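Notes follow once the structure below has been shown.
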Amino acid sequence: MFRKGERTGAPDLTLLSARSREGLKIGLSVSKKVGGAVVRNRVKRLLREAIRPLEDSIFKGCMYVIVAHPSLADKPYCEVCRQVRLVFERAGRLTC
RNA sequence: CGAGCUAGCCGGGUUGCCGCAUGAAAUAUUUGAGGAAAGUCCGAGCAUCAAUGGGCAAGAGUGCAAGCUAACUACUUGUGAAGGCGACUUCAAGGACAGUGCAACAGAAAAAUACCGCCCAAAAGGUUUCCCCUUUCGGGUAAGGAUGGAAAGGCGAGGUAAGAGCUCACCCGCAAAUUGGCGACAAGGCGCGAUGUAAACCCCACUCGAUGCAAGAUCGGGAGCAUUUAUGCAGCCCUAGCGCUCCCCACAUCGCUUGAGCGAUAUAGCGAUAUACCGCCUAGAUAGAUGGCAACCGAACACAGAACUCGGCUUACAGACUAACUCGUGCU
RNA sequence: GCGGGAGUGACUCAGUGGUAGAGUGUCACCUUGCCAAGGUGAAAGUCGCGGGUCCGAGUCCCGUCUCCCGCU
């Protein structure tokens with residue numbers, strides 16, 4: 001994914017997407033630079049919650065990885081939601 | 001009222017909708033992070049390693065006493081030392097006449113020494129009768145000598161050729177008999193006067209086999225050596241035992257949560273803790289589960305996320321509460 | 001999860017318990033018509049942080065923080 005994927009950016013996160021035959025798969029990458037265990041778990045939860053309402057409208061033929069930047073750690077939920085929607089729109093993967 | 005000190009406790013709760021993991025089980029429901037889950041600094045369980053069964057070496061750790069515990073270097077209560085007016089707090093707290101090393105600079109000298117000084121005797125010289133002065137050699141001495149963290153117990157008197165605990169008074173330190181205490185130790189003081197450093201090596205006493213759930217168990221295939229002896233398998237030895245070595249595939253299931261478990265009460269104990277009885281079941285994932293949107297409570301804002309499990313230690317921490325005690329001030 | 005190492009001038013590193021050093025760089029002066037090279041001199045250190053042992057700690061001991069590496 002990191003070698004071949006197509007990159008799309010937002011202020012505090014990056015989306016990698018690549019064609020796959022296995023259907024929709026979404027991974028999260030939150031490195032130690034973001035924070036300790038508590039902070040990283042929270043970031044992952046917020047990202048999952050942000051993806052959940054979009055799940056039906058995302059293009060099914062790809063695998064995705066969302067990379068969180070350290071600046072995402074102190075953003076509120078609505079901001080995370082906005083950026084996730086933005087990054088999928090920019091990549092042209094939303095079908096609705 | 002102010003300042004302090006010690007111990008303990010909490011560190012969110014309730015409701016609705018959507019969502020995650022798990023159990024029972026079949027559409028509705030059970031349970032779901034911490035006081036430190038952290039650091040990994042100690043101690044155990046459990047597992048494997050040739051039985052790690054007995055002994056040795058090497059290495060590591062600990063170092064006041066009694067108790068407590070499954071165990072401990074932890075903990076409790078004491079002893080001693082240091083700090084604080086006090087409540088109280090802190091302490092790796094054995095041994096320096098078993099041995100070795102080190103003590104920079106300064107200083108005569110750093111562990112036993114005579115450089116200067118002081119004193120005695122002899123010789124030579126000056127003077128020349130002596131006294132006195134200078135030099136050399138030999139001996140005595142630790143009173144004085146700008147140092148240093150530390151200088152051979154301190155200070156005064158006697159004493160002496162000069163001096164010296166050599167003797168004496170007062171003080172300092174070590175300390176035998178005896179007495180009290182289970183003990184550390186305390187009181188006591190015959191006698192004695194020893195540099196410091198063991199958190200330098202070390203000595204003495206005591207303790208420790210190694211590796212860790214990524215341990216390991218179950219399930220598959222292949223190669224080499226050996227052919228029931230021997231070789232080989234542990235740091236070394238003894239006894240017992242065993243075919244040995246290597247590679248690939250796979251990550252499924254088990255280990256995986258009921259345990260030296262938690263809570264209340266009573267009894268024993270100053271306490272750590274123990275005993276009895278009653279009640280409770282309280283995460284178990286495997287890319288790794290607790291979140292989102294709202295409402296209310298007076299405010300919900302700290303440090304922070306289980307990964308085999310327990311007992312401690314250490315470190316981080318917004319705020320809230322309870323009790324005992326100490327010091328100061330004012331009033332009665 | 002388990003184990004090991006490092007932290008010293010701006011940078012790279014030395015450093016037996018006894019005044020903290022070297023090279024590169026920086027600054028000033030000399031040299032040159034100017035620059036470089038060369039020469040002379042100077043400044044720059046909470047020895048990661050907090051305690052302890054010691055007369056005295058960068059060094060020894062304990063705790064702590066950050067970074068790096070290995071097993072897997």
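Source: prediction; values computed, not measured. Chain A is the first sequence line, chain B the second, and so forth, proteins listed ahead of strands; every chain is numbered from 1.
In textbook terms, a nucleotide whose glycosidic angle is within 90° of 0 is syn, and B:rA33 is one such case. Glycosidic conformation of C:rG41: anti, with the torsion beyond 90° of 0. By the rule that a glycosidic angle within 90° of 0 means syn, B:rG259 does not qualify and counts as anti. In B:rU27 the base sits anti relative to the sugar, since the glycosidic angle is further than 90° from 0. Glycosidic torsion of C:rU19 falls outside 90° of 0, placing the base in anti.
Separation of the C1' atoms belonging to B:rC190 and B:rU100 is 38 Å when rounded to the nearest angstrom. If you take atom P in C:rC60 and the same atom in B:rC247, they sit 42 Å apart, rounded to whole Å. When the P atom is used for both B:rC242 and B:rU229, the distance is 10 Å, rounded to whole Å. Nucleotides B:rG23 and B:rA289 place their C1' atoms 14 Å apart, quoted to the nearest Å. Taking the C1' atoms as reference points, B:rA123 lies 50 Å from B:rA96, given to the whole Å. Taking atom P in both B:rC174 and B:rU40, one finds a spacing of 47 Å when rounded to whole Å. Comparing B:rC281 with B:rG12, their C1' atoms are spaced 25 Å from each other, to the whole Å. B:rU29 and B:rU15 have their P atoms separated by 14 Å, with the value rounded to a whole Å.
Take A:Arg52 and apply the side chain to side chain contact (heavy atoms under 4.5 Å, CB included) test, not counting sequence neighbours, and it matches A:Glu49, A:Glu55. With sequence neighbours excluded, the residues forming a side chain to side chain contact (heavy atoms under 4.5 Å, CB included) with A:Glu79 are A:Lys75, A:Pro76, A:Arg82, A:Gln83, listed by chain and number.
Taking a pair to require two hydrogen-bonding distances under 3.5 Å in either a Watson-Crick or a G-U wobble arrangement, B:rA65 pairs with B:rU77. Pairing for B:rA318 is absent, judged as Watson-Crick or G-U wobble with the two contacts each under 3.5 Å.
Between A:Val84 and A:Ile51 the shortest side-chain heavy-atom distance falls below 4.5 Å.
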Scan nucleotides 288-290 of chain B against the protein and return all N/O pairs shorter than 3.5 Å with their distances rounded to 0.1 Å.
unit_1	atom_1	unit_2	atom_2	d
B:rU290	OP2	A:Arg45	NE	3.1

What's touching nucleotides 36-38 of chain B from the protein side, N or O pairs under 3.5 Å?
none

Below 3.5 Å is the cut-off: list the nitrogen or oxygen pairs between protein and nucleotides 15-20 of chain B, distance only.
unit_1	atom_1	unit_2	atom_2	d
B:rC18	O2'	A:Arg52	NH1	3.1
B:rG19	O4'	A:Arg52	NH1	3.1

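Consecutive Watson-Crick or G-U pairs involving RNA chain C, each under 3.5 Å on both distances, make up stems of three or more pairs at C:1-7 with C:65-71, C:10-13 with C:21-24, C:26-30 with C:38-42, C:48-52 with C:60-64.
Protein atom CZ of A:Arg42 is 16 Å distant from nucleotide atom P of B:rA304, rounded to whole Å. The distance between atom NZ of A:Lys75 and atom P of B:rG292, rounded to the nearest whole Å, is 17 Å.
Between A:Tyr64 and A:Phe88, the gap from one ring centroid to the other is short of 6.0 Å.
Tested against A:Val67, the residues A:Thr14, A:Leu15, A:Leu72 include a single side-chain contact (heavy atoms from CB on, under 4.5 Å) partner, A:Thr14.
Shortest non-hydrogen contact noted between A:Val80 and A:Ala50 is CG1-CB, 4.2 Å.
Within the nucleic acid shown, A:Leu46 comes within 4.0 Å of sugar-phosphate atoms alone, with no base atom in reach, counting heavy atoms only.
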